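What follows is a short report on a single structure.
Please read all numbers here as calculations on a predicted model, not as lab measurements.
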Amino acid sequence: MTSYSCCLILLLFTWSTAAYGPNQRAQKKGDIILGGLFPIHFGVAAKDQDLKSRPESVECIRYNFRGFRWLQAMIFAIEEINSSPTLLPNMTLGYRIFDTCNTVSKALEATLSFVAQNKIDSLNLDEFCNCSEHIPSTIAVVGATGSGISTAVANLLGLFYIPQVSYASSSRLLSNKNQFKSFLRTIPNDEHQATAMADIIEYFRWNWVGTIAADDDYGRPGIEKFREEAEERDICIDFSELISQYSDEEEIQQVVEVIQNSTARVIVVFSSGPDLEPLIKEIVRRNITGKIWLASEAWASSSLIAMPEFFRVIGSTIGFALKAGQIPGFREFLQKVHPKSTNNGFAKEFWEETFNCYLPDGSKTSPASTSFHKGHEEGLGAGNGTSAFRPPCTGDENITSVETPYMDYTHLRISYNVYLAVYSIAHALQDIYTCTPGKGLFTNGSCADIKKVEAWQVPFSNCSRDCLPGTRKGIIEGEPTCCFECVDCPDGEYSDETDASACDKCPEDYWSNENHTSCIPKQIEFLAWTEPFGIALTLFAVLGIFLTSFVLGVFTKFRNTPIVKATNRELSYLLLFSLLCCFSSSLFFIGEPQNWTCRLRQPAFGISFVLCISCILVKTNRVLLVFEAKIPTSLHRKWWGLNLQFLLVFLCTFVQIVICVIWLYTAPPSSYRNHELEDEIIFITCHEGSLMALGFLIGYTCLLAAICFFFAFKSRKLPENFNEAKFITFSMLIFFIVWISFIPAYASTYGKFVSAVEVIAILAASFGLLACIFFNKVYIILFKPSRNTIEEVRCSTAAHAFKVAARATLRRSNVSRKRSNSLGGSTGSTPSSSISSKSNHEDPFPLPACAERQRQQQRGCKQKVSFGSGTVTLSLSFEEPQKNAMANRNAKRRNSLEAQNSDDSLMRHRALLPLQINEPLGAEPGFQAASSPETSSQESVVGDNKEEGPSPEVEPSLPSVNSRNFIGTGGGSVTENTVHS
């Protein structure tokens, strides 16, 4: 069986090499042999054959000067490598190059020659036959040109794992590694070219085009990709036709008719030069002009199409071309070609076609047959004669004197790709040559023997290492296309295959993993209940709710005490309820945002705070109006009533409710998945719908807070029992600091921290209001019950009234003294601290002994009052009204004259003092006029300064005070008369 197989392979090899005589190949011996496939001719002669005779090889026609230049590029690269001291030293590369004639059949003939020789070499038949000239195996093949030819060759070479490196086959079908395992190339595939064609049409705003494609593996996939791209760009296609260089005349006429009758002015052509040439000739014959041709790289620079007689038809062509490269020394190498070259059997025919002559010593072409070749040649120079016979060649002709495509080395595109293909194989061999055992590419890290390297060992060594999954091939500027760098896929993109040309983007809700080999779901973030930050905020909110509830319980239990009454307990209850709502509203900002929570949290926060500040505003404004009013009337009592207070609170809150309703109706907030803040995280946040509405909500709240701050600041000097205005002032300052800081913090944060910032602001403002307004009162109620008495409240009020009256008295005394001094010319000195007066008269109505004993048993208090530069200690005592009837009558008689001279300023404060101890403090109405006092007392202030004369004005009397003893430290003495309550 083995002998039969050997005979079959020998016959096959004999047949395959018989078709290629010595003059139909370029061959050179070497330690390692590279194969080459180049289109030295454009086609083959048509020949009718049947099964009656033995099939014969067809003849190649129409010489291709560019194809011969490509062949020369391969030979030049091999000789350059052989002369290199660093690349494959002590190794010699050889070559076996064949002509494909731009057809599949000729290419397969040459490929069978490579395969057969490799099989003979692997069978080691030297002991059975006399093989004087041993030819090593072909370890790699450079070629072929057309994609259709390379597809056929790749299918055959792939069976034997012989590497194939193409320099011009750009079909995207060849990128399928499952089908073409050993196929490589130094040219990009057609997908990018088809996309670029569609981009050009879109750029010029063309939307009506026709398409023509070669009927092979180059044209069909290319035009199919273009149609896909055109459809995405809404570009319409009028017609789509297929052509071939072997199409009969009738088929060509039909395609030309379609082009001529079409209204599309732009025609996209995916074809090679030989396939398109018959169509262009017919179009030129019919003189069809006015068309814009969009050319693929295969025919854009073809010498068959770039003919002067075709310019009037294809002059308006937009074409693509490969990137040109530079090959140092290649120009001189091209000029050294000679017909007597022993290694290049194609040189003789090249010489004959270039100089239009024939070589008599073994030339392939005879003078009798030159008339056939002459009609099909392209780019002829001096040989463009009209004679049917060619003159003989001398062999001394000057190659530079003739202009042919062979010497067009200014833009080396395909030639440069051939040069790169040879070098890529050489670098792979260099890796094998320098391989270190244990670090090799093969089993157990083994290395191949460079002297006995087999074809299957080569495909795994390239100019660049394979790019692993998670990376893509990146172009290195200034380097050949087969030499690339592996670039990591960008974040958000991945590649799950080796040698990926591009990375794929992950879906919107996914992100690339650490190695960029797959996509994983993005991390979802929001202010969760379970994270430490969310737990901390929740605990603070619950603490605020607990403390507020505790204060509310204390106020409810001690609701009849003076401090609770004095703070307007009904509004205090409503204020505490609003603070509960404020603390509770912060919880809506924690947890995964839903549409309903997004629409509820901002209105709940805004309405709660407006309700809270409205209560504080009404309380502060009421106290201020009461203390600044004159003698209360029934009208005052009506307008200061509880119903009006609640109405004002409702009206202020109703404005905020209207803002929220308009906001929710016009631009309701909603839950939003934000992909833009961070690549790997999806932030679930609330889209507020309208930032203007949010600004109105917070702005209106701050406006009420500013008004409240104004009234509280204005009321800061009221009596101590009403001095919660001072604490309200502090609470409003804290409120403003919190929300002014909130604005830049809110604008500079993102994601879940936006909600956290707002929660912190809500809690801070709520704690500030709760602490400043209620903690002091709760402390007095629970730990200082002695201060939570009616006497303490009245004592504080009396001290405030005395301070106002004393200041008014001193101010009038100063004015009177200045007037007296100016009239009398006195130059007496005046105390710097205050002007004092003293009264030495005795009480004209002495009390009986029993009344004196009762007065000693009376409850009293002391208050220090500061005014000017001095401090006065005011001692006050109180007694039940029924025990002081006699004293009240005496005081009424004694103060009837004094009351007539009281000024309006003192009367305002006298009017505000509680007159009945059994009257609930803070009840409505809670104030009585003091125009008819029932009791009197005498206050004396003893100082160090002597009086300077009697005051020109009568000192006003103070209401509600029983007795006595005012000790001054301001440097003077003042005598004041007061009235009992």
Side-chain angles (χ1 to χ4, degrees), residues 541 544-586 603-626 638-660 697 700-705 707-709 711-712 715 721-722 724-725 727-732 734-735 762-763 765-778 781 920-926:
I545 294 173
F546 172 76
L547 291 178
T548 307
S549 301
F550 175 76
V551 173
L552 182 59
V554 170
F555 267 56
T556 303
K557 182 178 180 180
F558 297 93
R559 59 185 177 276
N560 293 322
T561 59
I563 284 187
V564 175
K565 290 181 178 181
T567 57
N568 198 335
R569 62 186 173 190
E570 288 78 8
L571 281 182
S572 296
Y573 294 156
L574 185 59
L575 176 58
L576 289 170
F577 170 75
S578 65
L579 284 176
L580 282 175
C581 295
C582 290
F583 284 113
S584 301
S585 66
S586 64
F605 141 71
I607 294 174
S608 300
F609 265 96
V610 166
L611 178 61
C612 176
I613 296 175
S614 299
C615 294
I616 299 173
L617 176 62
V618 170
K619 286 181 60 176
T620 308
N621 187 39
R622 174 181 174 272
V623 173
L624 182 65
L625 290 177
V626 167
K638 178 181 179 182
W639 286 106
W640 288 340
L642 191 61
N643 294 334
L644 179 61
Q645 298 174 38
F646 282 112
L647 178 62
L648 292 177
V649 171
F650 170 76
L651 291 178
C652 293
T653 309
F654 181 74
V655 175
Q656 187 78 303
I657 295 175
V658 171
I659 294 176
C660 294
L697 184 141
Y700 177 68
T701 307
C702 293
L703 175 63
L704 290 182
I707 298 174
C708 185
F709 174 79
F711 286 126
S715 306
N721 57 314
F722 294 100
E724 65 177 348
F727 298 107
I728 293 175
T729 304
F730 290 143
S731 66
M732 290 300 103
I734 295 174
F735 185 88
I762 293 173
L763 294 179
S766 301
F767 275 113
L769 293 174
L770 179 65
C772 291
I773 297 177
F774 292 102
F775 280 7
N776 182 56
K777 298 176 178 59
V778 172
I781 292 173
L921 186 64
E924 297 295 337

- line: Of all heavy-atom pairs linking T556 and Y573, the shortest is CA-OH, 3.8 Å

field: Heavy-atom pair of closest approach, residues L580 and S549
entry: CD2-OG, 3.5 Å

- request: Output the distance between atom SG (C582) and atom CD1 (I545), rounded to the nearest 0.5 Å.
  value: 10.5 Å

Gap between atom CG of L617 and atom SG of C652 - 0.5 Å precision: 6.0 Å

In residues 608-616, what donor-acceptor pairs under 3.5 Å come from side-chain atoms, sequence neighbours left out?
unit_1 : atom_1 : unit_2 : atom_2 : d
S608   : OG     : A604   : O      : 2.6
S614   : OG     : V610   : O      : 2.6

query: What's the spacing between L576 CG and F550 CZ if we round to 0.5 Å?
result: 12.0 Å

All N/O donor-acceptor pairs, side-chain side in residues 765-772, below 3.5 Å, sequence neighbours left out:
unit_1 : atom_1 : unit_2 : atom_2 : d
S766   : OG     : I762   : O      : 2.7

Min side-chain heavy-atom separation V551-L579 under 4.5 Å: no

statement: Distance col, row F577:CZ vs L552:CG, nearest 0.5 angstrom, shows 10.5 Å

- request: For residues 649-658, pull every pair meeting side chain to side chain donor-acceptor pair (under 3.5 Å), keeping only residues two or more places apart or in separate chains.
  value: Q656-T701

query: Hey, what do you get for CD1 (I659) to OH (Y700), rounding to the nearest 0.5 Å?
result: 7.0 Å

- prompt: With a 4.5 Å heavy-atom cut-off, do F774 and L575 have their side chains touching?
  reply: yes

